[in-house]
Visitor: 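Just passing along the structure, written as structure tokens.
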Amino acid sequence: MGGKVKIWNPVEIAEQAKNDYASQIFPSLLTIDPSLSLPQMTPLVTNLCKDMFKDWSNLDDSCFIVDKISGGITNLLLKVSIEQGDSVNAIITIRLYGPNTEHIIDRHRELQAIKYITSAGFGATWLGIFGNGIVQSFINAHTLEPSDMRDPKLVPKIAKQLKRFHHVEIPGSKEPQLWNDIWMFFEKASVLEFDDSEKQKTYKTVSFREVQDEINELQVLCDRLKSPVVFSHNDLLSGNIMVNHEEDKLYFIDYEYASYNYRGYDIGNHFAEYAGFECDYSLYPNMNDQYHFFRHYLQPDRPHEVSENDLKTLYVEANTYALASHLFWSLWGLIQAKMSPIDFDYLGYFFDRYKEYKRQKEKFVLLALSYLSECRS
């Protein structure tokens with residue numbers, strides 16, 4: 001069964017975390033197979049909780065109530081409530097990484113980021129680590145749907161929060177990761193072999209020479225835009241944004257792809273995610289919708305004072321880098337089609353994203369070139 005492989009040594013990571021994380025991280029050497037059904041998984045989750053948190057080690061198994069919060073297309077999120085008598089004593093979340101996800105996600109980079117993102121007041125508190133996942137505090141909020149991201153009342157909150165996120169400081173290299181990651185995905189995606197003959201036939205229709213040329217061309221253009229490098233979420237889809245309306249709180253979660261990157265990429269990628277996994281690009285925000293976002297991103301306290309020039313700069317950046325987002329996630333889709341046991345049409349996702357890249361390319365490349373020539377004159 002997939003998913004039993006340890007991604008790391010939890011004890012070593014918990015030990016290292018002592019140096020630069022405010023609270024203790026509790027380790028467990030156990031792993032849990034994410035392909036199991038919830039009833040099969042529940043006793044394993046209970047054992048994990050008892051092994052990791054010694055205060056709970058003598059509790060009866062019936063005190064642990066395990067629910068599935070969400071199954072993303074790379075990992076599984078579980079909620080564990082610890083009930084004693086009539087009251088709930090504690091609630092935690094367990095993020096269980098999908099099998100083979102280490103082929104597309106740098107888990108150590110993610111962990112390094114979590115420490116500092118949490119310390120900066122974002123998302124959930126990191127509590128523990130085990131063989132193929134992490135344990136965090138529970139966030140009392142609901143996950144957005146793709147349509148929620150367009151809500152004119154939520155847009156300013158997301159923009160403001162993203163501006164804050166872009167100011168998080170992570171020690172180490174500040175080199176933007178976008179093109180390193182795209183080229184790494186390209187190398188992996190271009191040498192796949194599928195056991196399923198239909199999938200192999202479909203895969204063979206991809207022209208990697210063409211994709212390679214597209215990446216090269218776009219990289220040159222994007223570099224000319226000189227988009228500021230900031231600490232970026234890189235995966236700001238609806239499922240990674242949570243809201244508690246009663247408390248008026250908005251959270252970003254899931255930092256699997258977080259790294260230093262281009263401001264334009266993080267925003268353009270977010271806009272591309274308005275389409276959801278169904279890839280309905282009629283939902284991509286128009287210029288007015290984007291300007292609404294930019295005003296609250298650039299000057300959260302005085303959105304109406306943002307200059308036309310600053311709005312245009314960000315519009316060019318975001319939409320040119322949205323093209324890079326299509327390339328990144330289309331290649332990701334190919335790798336996932338081979339590696340992931342999750343029931344999702346990853347091959348179809350490659351074609352949907354790549355087709356949208358080609359559909360939008362001319363419009364936004366011309367926009368960027370005209371902007372660059374205006375800047376020179």
Visitor: Taking the side chain as C-beta and beyond, is there a heavy-atom pair between N261 and V229 under 4.5 Å?
Guide: no
Visitor: Taking atom types as modelled and ignoring hydrogens, do the side chains of E145 and S238 form a donor-acceptor contact shorter than 3.5 angstrom?
Guide: no
Visitor: With a 6.0 Å cut-off on ring centres, are Y284 and Y274 close enough?
Guide: no
Visitor: Can you measure from CG (L314) to CG (D310) and round to the nearest 0.5 angstrom?
Guide: 8.5 Å
Visitor: Would you say that more than 12 heavy atoms from the other residues, nucleotides or ligands in this model lie under 6.0 Å from the NZ of K204, or not?
Guide: no
Visitor: Taking side chain as C-beta onward, heavy atoms only, is P171 less than 4.5 Å from Y116?
Guide: yes
Visitor: For residues C49 and I94, report the shortest heavy-atom separation together with the two atoms involved.
Guide: SG-CD1, 4.3 Å
Visitor: For Q200 and S197, run side chain to side chain donor-acceptor pair (under 3.5 Å): C-alpha distance rounded to whole Å, both residues' side-chain angles, the deciding distance at 0.1 Å, then the answer.
Guide: CA-CA 5 Å; Q200 183 64 17; S197 60; over 6 Å; no
Visitor: Under a single-linkage definition using a 4.5 Å side-chain heavy-atom cutoff for Ile, Leu, Val, Met, Phe, Trp and Tyr, are L38 and L36 assigned to the same hydrophobic cluster?
Guide: yes
Visitor: Are F208 and F328 linked, directly or through other ILVMFWY residues, by side chains that come within less than 4.5 angstrom of each other?
Guide: yes
Visitor: Just checking, is any N or O donor in the side chain of S28 or D51 under 3.5 Å from an acceptor N or O on the other one?
Guide: yes
Visitor: Determine whether more than 12 heavy atoms belonging to other residues, nucleotides or ligands lie under 6.0 Å from atom NZ of K226.
Guide: no
Visitor: Under the criterion side-chain hydrogen bond (donor to acceptor under 3.5 Å, both in side chains), which of H292, K160, K163, H166 is the partner of Y297?
Guide: H166
Visitor: Check the orientation of W332 and Y349. Use parallel for under 30°, tilted for 30 to 60°, and perpendicular for over 60°.
Guide: perpendicular
Visitor: Which pair of non-hydrogen atoms, one from L236 and one from H270, has the smallest distance, and what is that distance?
Guide: O-ND1, 2.9 Å
Visitor: What do you reckon, is CD of E247 surrounded by more than 12 foreign heavy atoms closer than 6.0 Å?
Guide: yes
Visitor: Nearest 0.5 angstrom please: S307 OG to K312 NZ, how far?
Guide: 12.0 Å
Visitor: How about N132 and P34: do any of their side-chain heavy atoms sit closer than 4.5 Å?
Guide: yes
Visitor: Specify the closest pair of heavy atoms between L48 and L30, including all atoms of both residues, with the distance to one decimal.
Guide: CA-CD1, 3.8 Å
Visitor: Determine, stepwise, if the pair K68 / L77 fulfils side chain to side chain contact (heavy atoms under 4.5 Å, CB included).
Guide: CA-CA 6 Å; K68 189 171 159 181; L77 204 56; over 6 Å; no
Visitor: Between CD1 of I241 and CG of D254, what distance do you get to the nearest 0.5 Å?
Guide: 11.5 Å
Visitor: Going from OG on S207 to CG on D213, what distance comes out if it is rounded to the nearest 0.5 angstrom?
Guide: 8.0 Å
Visitor: Between Y262 and Y321, what is the ring plane arrangement, given parallel below 30°, perpendicular above 60°, and tilted in between?
Guide: parallel
Visitor: Verify whether one side chain among Y357 and E214 offers a donor that lies under 3.5 Å from an acceptor in the other.
Guide: yes
Visitor: Given the rule in the salt bridge (Lys or Arg N to Asp or Glu O under 4.0 Å) test, do E356 and K361 qualify, once you have shown the distances and angles that lead to the verdict?
Guide: CA-CA 8 Å; E356 183 62 11; K361 179 190 165 186; over 6 Å; no
Visitor: I'd like to know whether K338 forms a salt bridge (Lys or Arg N to Asp or Glu O under 4.0 Å) with E193, so could you lay out the CA-CA distance, the side-chain angles of the two residues, the decisive distance to 0.1 Å, and finally the verdict.
Guide: CA-CA 8 Å; K338 169 70 179 167; E193 291 276 342; over 6 Å; no
Visitor: Side-chain heavy atoms under 4.5 angstrom apart, residues restricted to Ile, Leu, Val, Met, Phe, Trp, Tyr: same cluster for I69 and I139?
Guide: no
Visitor: Report yes if the side chains of N47 and I32 come closer than 4.5 Å at any heavy-atom pair, otherwise no.
Guide: no
Visitor: Testing the basics here: between H108 and I13, what is the closest heavy-atom pair and its distance to 0.1 Å?
Guide: CE1-CD1, 3.9 Å
Visitor: For a 4.5 angstrom cut-off between non-hydrogen side-chain atoms, does Y291 reach E308?
Guide: yes
Visitor: Please report the shortest heavy-atom distance between Y371 and L225, naming the atom on each side.
Guide: CD2-CD2, 4.2 Å
Visitor: Side-chain contact, heavy-atom cut-off 4.5 Å: L127 with T125?
Guide: yes
Visitor: With rounding to the nearest 0.5 Å, note down the distance linking OH in Y265 to OG1 in T320.
Guide: 14.0 Å
Visitor: A quick test of your reading: do over 12 heavy atoms of other residues, nucleotides or ligands sit less than 6.0 Å from CD of E374?
Guide: yes
Visitor: Would you indicate whether the side-chain heavy atoms of L29 and F130 approach each other to under 4.5 Å?
Guide: no
Visitor: Check whether W56 and M52 end up in the same hydrophobic cluster, where Ile, Leu, Val, Met, Phe, Trp and Tyr are linked by side-chain heavy atoms less than 4.5 Å apart.
Guide: yes
Visitor: Considering only heavy atoms from C-beta outward, does the side chain of R95 approach that of L76 to under 4.5 Å?
Guide: no
Visitor: Starting from V230, can I reach I267 by hopping between I/L/V/M/F/W/Y residues whose side chains sit under 4.5 Å apart?
Guide: no
Visitor: Could you give me the CA-CA distance, side-chain angles and deciding distance for L154 and M149, then say whether side chain to side chain contact (heavy atoms under 4.5 Å, CB included) is met?
Guide: CA-CA 7 Å; L154 273 181; M149 296 200 294; over 6 Å; no
Visitor: Can you give me the closest heavy-atom contact between D223 and W179, atom names plus distance?
Guide: OD1-NE1, 4.0 Å
Visitor: With rounding to the nearest 0.5 angstrom, report the CG to OH distance, N140 to Y251.
Guide: 7.5 Å
Visitor: Which residue, R353, Q360, R359, forms the side-chain hydrogen bond (donor to acceptor under 3.5 Å, both in side chains) with Y281?
Guide: R353
